[in-house]
Amino acid sequence: MDTTQRSEAGTQPAPETSEAGATTMRAAVQRRYGPPSVLKVSEVAQPQPGSGDVLVRVGAAAVHLGDYFVMTGEPYVLRLAFGLRRPRQGIPGRDLAGVVAAVGKDVTAVRPGDEVFGWSTAGTLAEYACVPADHLVPVPAGLSLVEAAAVPTSALTALQALRDLANVRPGQTVLITGASGGVGSFAVQIAKAFGAEVTGVCSTRNVDLVQSLGADHVVDYSATDFTTTGRRYDVILDNVEAHPLAEVRRALTPTGTLIPNSGRGGRWLGPLGRIVTTRVLSGFTRQRLKPLISVEKHRDLLALADLLATGLVTPLIDRTFPLDKAVDALRYVGAGHTRGKVVVTL
C-alpha cells in the first residue's frame with residue numbers, strides 16, 4: 001500500500017507565465033498515435049474553467065490499460081471516438097486527484113483549497129486539469145492524493161460489475177481473475193464488502209497480496225486451472241479472459257453470472273468480437289453472460305468514497321512515477337501484470 005501523505009493546499013508552486021502573458025503548465029503531450037515514446041513533457045496553455053467547471057491543481061493522476069490503448073490508437077475502433085488520424089485530445093490520462101485552484105461561477109459544491117478526486121475527459125497528465133464539477137467528489141479523510149487518484153476508473157468498473165451486473169449478495173461465491181490488478185484488487189475488496197465469499201486468481205508472487213486484500217481463497221493459476229477443479233461460482237468477474245468462454249462457463253453455477261472484462265483483443269476491433277459472441281450466447285443459456293461497459297457516474301464515485309472512508313476498500317498502489325517519467329508509467333502499464341494501480345505524481 002502506498003504511504004504518500006496528502007498534499008496541503010497552498011504548497012503547490014504557482015503556474016508559469018509565457019512571454020506573451022498566457023499562463024502555461026507542464027503536461028505530457030502526444031501529437032500522434034504510437035508507443036509510449038510519442039509522449040513528450042511540454043509547456044502548454046493552462047485550461048480555464050467554464051461556468052460549471054473546476055480548475056484542479058493535479059497532485060496525482062492514475063494511468064490504466066485503457067489509457068495505453070488510446071495512446072497507441074489500437075484497437076483501431078477506438079479512433080472513431082478519439083480521433084481518426086491523430087489524438088483529438090493531446091494530453092493522456094483520465095483519473096486524477098488534486099487541490100481546487102479555481103471554480104466557475106455556477107459551482108457551489110467545492111471551493112478553492114478543497115482536495116478532490118474524479119475523472120476528466122480533457123487529460124490529466126498535466127499540472128492543471130479543467131473538470132466538470134459533477135465529475136469530482138471530496139477526498140475522504142486519511143486518504144492520500146496518490147491513493148485517491150487510483151480510484152475512479154478501476155474501482156468504478158469493479159463496483160458496477162459486481163453491484164449492477166451481478167447483483168452480488170451476502171453468501172454468494174465470487175471468483176475474480178486478475179485479482180492483483182487494478183480492477184481486480186478493488187473487486188476483491190468490494191465483493192467482500194458486499195458479504196460474498198471471494199476467490200481470487202493470480203500468479204504465485206501475488207498469492208499473499210490477494211489474501212491481504214481479503215480474499216477467502218486464492219488460486220495460483222500457474223499451479224491450478226480454476227475451470228477444471230469442479231468448483232462452481234455464483235459470479236465470475238473475468239478480468240483476464242485467458243480461457244475460452246466455454247471453459248469458464250464450466251466453473252459457473254447453472255444460473256450464475258459471468259462478466260468478461262478484458263480490454264485486449266484484435267488489432268482492429270479489440271474485444272468487440274468477444275462482446276458480441278457473449279451477448280448472442282447469453283440468449284441460449286440460463287447462465288447470465290454480461291460483458292461490461294463501465295460508465296463514470298457521480299453517484300457511484302460518492303458510493304466509492306463512502307467505502308474508502310470506512311476502510312472497507314483501500315487502493316493498492318504498485319508504483320508511482322513523476323510526470324517526467326510518464327513514458328515509463330504507460331510502458332509499465334502496457335506490459336501488463338501490474339499489482340494494483342500505477343500513478344503519476346506532480
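None of these values were measured; they are calculated from a predicted model.
The minimum heavy-atom distance between Pro315 and Val151, with the atom names listed, is CG-CG2, 3.8 Å. The two residues Val344 and Leu346 come nearest to each other via the heavy atoms O-CD1, 3.9 Å. Nearest approach of Ala215 to Val188, heavy atoms of both residues: N-CG1, 3.8 Å. Annotation for Leu143 and Val139: closest pair O-CG1, 3.5 Å, computed over non-hydrogen atoms. Residues Lys341 and His64 share a closest heavy-atom pair of NZ-CB, 3.6 Å. The nearest pair of heavy atoms linking Glu127 to Arg57 is O-CD, 3.2 Å.
Checked by atom type and distance alone, the side chain of His298 pairs as donor or acceptor with a backbone atom of Leu136 at under 3.5 Å. In this structure, Asp95 contributes its side chain and Thr153 its backbone to a donor-acceptor pair below 3.5 Å. A distance-only check finds a donor-acceptor pair linking the side chain of Asp238 to the backbone of Glu241 [under 3.5 Å]. Between the side chain of Arg31 and the backbone N or O of Val29 there is no donor-acceptor pair closer than 3.5 Å. Side-chain atoms of Gln189 come within 3.5 Å of backbone N or O of Thr314 as a donor-acceptor pair. Thr310 contributes a side-chain N or O that, together with a main-chain N or O of Leu307, makes up a donor-acceptor pair within less than 3.5 Å. Remark: side-chain polar atoms of Thr173 are not paired, donor with acceptor, to backbone N or O of Glu197 under 3.5 angstrom. In this structure, the side chain of Gln211 does not engage the main chain of Val218 through any donor-acceptor pair within 3.5 Å. Under a 3.5 Å cut-off, the side chain of Thr124 and the backbone N or O of Arg94 do form a donor-acceptor pair. In this structure, Thr72 contributes its side chain and Phe69 its backbone to a donor-acceptor pair below 3.5 Å.
In this structure, the side chains of Val44 and Tyr128 stay at 4.5 Å or more apart for every pair of heavy atoms. At a threshold of 4.5 Å between non-hydrogen side-chain atoms, the residues Lys192 and Leu312 do not count as touching. Within the 4.5 Å cutoff, the side chain of Leu330 has no heavy atoms near those of the Pro92 side chain. You'll find the side chain of Gln287 stays beyond 4.5 Å of the side chain of Leu258, heavy atoms only. In this structure, the side chains of Pro49 and Val54 stay at 4.5 Å or more apart for every pair of heavy atoms. Looking at Val343 and Glu147, their side chains never come closer than 4.5 Å, going by heavy atoms from C-beta outward. Considering only heavy atoms from C-beta on, Leu316 stays 4.5 Å or farther from Ser180 through its side chain. Side-chain contact check for Glu115 versus Leu145: some heavy-atom pair is nearer than 4.5 Å.
Residues passing the side-chain hydrogen bond (donor to acceptor under 3.5 Å, both in side chains) test with Glu247 are His243, sequence neighbours excluded.
A salt bridge links Asp324 with Arg26; the closest basic N to acidic carboxylate O contact falls under 4.0 Å.
When each of Leu65, Val63, Val70 is tested with Asp67 by the rule side-chain contact (heavy atoms from CB on, under 4.5 Å), just one qualifies, namely Val63. Checked against Pro47 for a side-chain contact (heavy atoms from CB on, under 4.5 Å), the options Val131, Val56, Leu55, Ile91 give a single hit: Leu55.
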Q: List the steps and the verdict of side-chain contact (heavy atoms from CB on, under 4.5 Å) for Met71 and Gln30.
A: CA-CA 8 Å; Met71 177 190 65; Gln30 67 174 113; 3.6 Å; yes

(Q) Checking Phe194 against Gln172 for the side-chain contact (heavy atoms from CB on, under 4.5 Å) test, could you report, in this order, the C-alpha distance in whole Å, the side-chain angles of both residues, the deciding distance, and whether it holds? (A) CA-CA 9 Å; Phe194 290 167; Gln172 285 190 313; over 6 Å; no

Q: Evaluate side-chain contact (heavy atoms from CB on, under 4.5 Å) for Tyr33 paired with Val38, printing each intermediate quantity in order.
A: CA-CA 7 Å; Tyr33 291 117; Val38 301; over 6 Å; no

(Q) Could you walk me through whether Leu289 and Arg249 satisfy the side-chain contact (heavy atoms from CB on, under 4.5 Å) test, starting with their C-alpha distance in whole Å, then the side-chain angles of each, then the deciding distance to 0.1 Å, before giving a yes or no? (A) CA-CA 9 Å; Leu289 312 179; Arg249 289 179 58 208; 4.3 Å; yes

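Atoms CG and CG, on Leu165 and Leu159 in that order, are 10.5 Å from each other to the nearest 0.5 Å. Atom CD1 of Ile236 and atom OG1 of Thr199 lie 10.0 Å apart (nearest 0.5 Å). Atom-to-atom distance recorded for Tyr221:OH and Asn206:CG is 8.0 Å, nearest 0.5 angstrom. Between Leu292 atom CG and Asn261 atom CG the span is 5.0 Å, to the nearest 0.5 Å. Put simply, CD on Gln160 and CD1 on Ile190 are 10.0 Å apart, with the number rounded to the nearest 0.5 Å. The structure places CD1 of Ile176 at 9.5 Å from OG of Ser185, a figure rounded to the nearest 0.5 Å.
Hydrophobic clustering (ILVMFWY, side-chain heavy atoms < 4.5 Å, transitive): Leu323 and Tyr332 are in one cluster. Placement of Val210 and Tyr233 in two distinct hydrophobic clusters is found when ILVMFWY residues are connected by side-chain heavy-atom separations under 4.5 Å, directly or transitively. At a threshold of 4.5 Å between side-chain heavy atoms, the hydrophobic network of Ile, Leu, Val, Met, Phe, Trp and Tyr places Val207 and Leu175 in two separate groups.
Of the N and O atoms on the side chains of Asn239 and Thr177, not one donor lies less than 3.5 Å from an acceptor on the other residue.
Within 6.0 Å of CZ in Arg250 there are more than 12 heavy atoms belonging to other residues, nucleotides or ligands.
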